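Below is one structure; the comments refer to it alone.
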Amino acid sequence: MAAERMSRVDHAWLRMDNDVNLMMIVGVWLLEPRVAYEAVCERVAEKLLKYGRFRQKVVPDAMGAQWVDDEQFDIRHHVVREVLKPRKGQSAQAALQERCARLATQPLDPARPLWQFHLIEHYGAGSALIARIHHCIGDGIALIQVTMSVTDGGADPPTRRAREADEIEHDWLSEAVVKPLTDIMVKALGATGEGMARSMDALSKPEQLFGSVEVARTGVQVISDVAALALMPDDSPTRLKGKPAGRKRVAWNEPIPLDAVKVVGKALNASVNDVLLACVAGAIGQYLRDLGDDPRGQEIRAMVPVNLRPLDKAWQLGNKFGLAPLVLPIGIDNPIERVYAVRRRMSELKGSYQPLLAFAVLAVAGLAIKPVQDAILNLFAKKTTAVMTNVPGPAKPLTFCGATIRQTMFWVPASGDLGVGVSILSYAGGVQFALITDEGLCPDPQRIIDRFGPEFDKLLLLALMLPWTPAEWSAA
């Protein structure tokens, strides 16, 4: 059987499964009209399996794990037919959300490739397709690329020459992560070898230490980011933080028009991301107020994935992203003030080496024994409340087996004891918010999701009241 060594970072993600959080990315497509089970099996076999990873199972060994071809691969073990049966008085959407939440806590079969599609042929006027893919196969950017390939007219992955996975990983890590950080840190930490006084003097004149002002700035930034990660205080103690129960809830909203978000961003001299993240912070803050809590002055931290590879390499799969801690000002009630607070926080992250450093931490964790990896990850969990991702999707509607993908959403997995995952996906001119929570920490995430629209409406109303010129309107 053909075998390929699993990268150290992917191995870290493989071992992150625990009793309350499974490292699966779960997503759903709402399709109209209906699609047939046989057509889905045929399409998945024809397109998805061109990515060799989806025919391979994981085999642990003394060095970590290997990807090994599954000689008993059967497409019907991976594309399964389901029937949705809402309870009396329950809507079809609520029943679908309930099923997605249950699947998010159901482990994939470790004896087979770690992915599965669940087709609900009859959902409203169409069908629903739920996907579950273990994070060790790939990150969000990579899996978006993969899912695009199975749509009508989707491109096949490029053909790559046979090459050991650890060799590819070594090249990528060396050039993109390890070498630049190592060079800088060796020079920076070398200052401590001749006494504290000289070290302090050198750091007060960093251009002498690093050889040039530009390299000096980079070195000081790395040192600052290392300190920031190490000294980050534990997150605010809200009801969204605590020991998860291990039962999930999911929710989603109707998409918000992307053009309207752009208009608000232009009016406030802020980015689309600033606007969206301010809405997330506002919705969470209002949810807490509705429950009688007082979030004034409080902030929560969300770990945000940052892509670390060229987008044209996403088809190679695997995990090549870092994590940046983003502070969400949930205690600011004024929506405009909240946008500017988010913008300031985002500006502070620009030029930061924290994503690279977080990636390096995951690489080290993948080599460590499981208790050490768990201890490392628990440090991140103590300092954050949520995982949040924002993924740009296709600008135009896609079709799958002749049916239009009317709506698409996905949920990011949370590691350690985190119990909240926020996903933002732009698709076909709309912005989709989706939320997954632990039932013990947030039993009704729909109450948060339902606040996103009103929070955005506040910003839109205020933006429309600003003194726009005709030229600005046409540019928007």
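Predicted, not measured: the structure shown is a model, and the values here were computed from it.
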Test salt bridge (Lys or Arg N to Asp or Glu O under 4.0 Å) applied to D74 and R112, step by step: CA-CA 9 Å; D74 184 344; R112 304 183 190 278; over 6 Å; no

R43 and E38: CA distance, side-chain angles, deciding distance, salt bridge (Lys or Arg N to Asp or Glu O under 4.0 Å) verdict: CA-CA 9 Å; R43 174 61 61 83; E38 295 298 336; over 6 Å; no

Full working for side chain to side chain contact (heavy atoms under 4.5 Å, CB included) between V28 and F410: CA-CA 6 Å; V28 61; F410 70 101; over 6 Å; no

Pair F433-I449, side chain to side chain contact (heavy atoms under 4.5 Å, CB included): steps then yes or no: CA-CA 7 Å; F433 290 94; I449 286 287; 4.1 Å; yes

Audit row: D139, W13, side chain to side chain contact (heavy atoms under 4.5 Å, CB included) steps and yes/no: CA-CA 10 Å; D139 53 40; W13 283 103; over 6 Å; no

Working for side chain to side chain contact (heavy atoms under 4.5 Å, CB included), residues E98 and V250: CA-CA 7 Å; E98 193 173 275; V250 306; over 6 Å; no

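A donor-acceptor pair is defined here as one N or O able to donate and one able to accept, closer than 3.5 Å; such a pair exists between the side chain of W411 and the backbone of L435. Side-chain N or O atoms of N18 include one that pairs as donor or acceptor with a backbone N or O of G416 at under 3.5 Å. A donor-acceptor pair is defined here as one N or O able to donate and one able to accept, closer than 3.5 Å; no such pair exists between the side chain of Y37 and the backbone of E82. Checked by atom type and distance alone, the side chain of T437 pairs as donor or acceptor with a backbone atom of C442 at under 3.5 Å. Judged by distance alone, with hydrogens and angles left aside, the side-chain atoms of S426 form no donor-acceptor pair with the main-chain N or O of V431 at under 3.5 Å. Between the side chain of N253 and the backbone N or O of D450 there is no donor-acceptor pair closer than 3.5 Å. Using modelled atom types, no side-chain atom of T399 and backbone atom of G402 make a donor-acceptor pair closer than 3.5 Å. Panel note: side chain D438, backbone K248; no donor-acceptor pair is recorded below 3.5 Å. Put simply, the side chain of D156 never gets that close to the backbone of K50: no donor and acceptor are under 3.5 Å apart. Between the side chain of R132 and the backbone N or O of A104 there is no donor-acceptor pair closer than 3.5 Å.
V391 pairs in a side chain to side chain contact (heavy atoms under 4.5 Å, CB included) with only one of the listed residues (L425, L143, I424), which is L425. Between I300 and the options T384, I330, V420, L288, a side chain to side chain contact (heavy atoms under 4.5 Å, CB included) holds for only I330. Checked options I130, V35, T151; the residue passing with W29 is T151 (criterion: side chain to side chain contact (heavy atoms under 4.5 Å, CB included)).
Cation-pi contact between R5 and W67: absent, since separation from the ring centre below 6.0 Å together with deviation from the ring axis within 45° is not met. For the pair R447 and Y287, the cation-pi test (distance below 6.0 Å, angle within 45°) is failed.
Closest non-hydrogen pair, Y123 versus A92, comes out as CE1-O, 3.5 Å. Across all their heavy atoms, P86 and S91 have their closest contact at CB-O, 4.2 Å. I75 and L49 get closest at one heavy-atom pair: CD1-CD1, 4.4 Å. Taking all atoms of both residues into account, the shortest heavy-atom contact from A283 to E455 is N-CG, 3.7 Å. Closest approach of I137 to L114, counting heavy atoms only: CD1-O, 3.4 Å. The two residues P33 and A403 come nearest to each other via the heavy atoms O-CB, 3.2 Å.
No more than 12 heavy-atom neighbours from other residues, nucleotides or ligands sit within 6.0 angstrom of CG on D19. No more than 12 heavy-atom neighbours from other residues, nucleotides or ligands sit within 6.0 angstrom of CD on E42.
Note: L22 CG to D17 CG = 5.0 Å, rounded to the nearest 0.5 Å. The structure places CG of L398 at 5.0 Å from CD1 of I405, a figure rounded to the nearest 0.5 Å. For the atom pair CZ of R343 and OG of S271, the computed distance is 9.0 Å after rounding to the nearest 0.5 Å. Atoms CD and CE, from E4 and M6 in turn, are 9.5 Å apart once rounded to the nearest 0.5 Å. Between atom CZ of residue R55 and atom CD of residue E71 there is a gap of 10.0 Å, rounded to the nearest 0.5 Å. Annotation: the span from L48 atom CG to I133 atom CD1 amounts to 7.0 Å, rounded to 0.5 Å.
Classified by interplanar angle (parallel below 30°, tilted 30° to 60°, perpendicular above 60°), the ring pair W115/H78 is parallel.
Between Q446 and Q97, the side chains place a donor N or O and an acceptor N or O closer than 3.5 Å (distance only, hydrogens not considered). For the residue pair D10 and H135, no side-chain donor N or O sits within less than 3.5 Å of a side-chain acceptor on the partner.
With contacts defined as side-chain heavy-atom distances shorter than 4.5 Å, the pair F452/L276 does not qualify. Side-chain contact check for L119 versus S127: some heavy-atom pair is nearer than 4.5 Å. Considering only heavy atoms from C-beta on, R247 stays 4.5 Å or farther from T105 through its side chain. The shortest side-chain heavy-atom distance between L277 and R345 does not fall under the 4.5 Å cut-off. Counting heavy atoms from C-beta on, the side chains of L14 and H11 come closer than 4.5 Å. Put simply, the side chain of Y427 does not reach to within 4.5 Å of the side chain of L258, judged on heavy atoms. Contact annotation: the side chain of D61 approaches that of Q66 to within less than 4.5 Å [non-hydrogen atoms, C-beta and beyond]. C136 has its side chain out of reach of M23: every pair of non-hydrogen atoms, C-beta onward, lies at least 4.5 Å apart.
We find that D69 and K57 are not joined by a salt bridge, their nearest charged nitrogen and carboxylate oxygen being 4.0 Å or further apart. Using a cutoff of 4.0 Å between basic side-chain nitrogens and carboxylate oxygens, R34 and E121 are not scored as salt-bridged.
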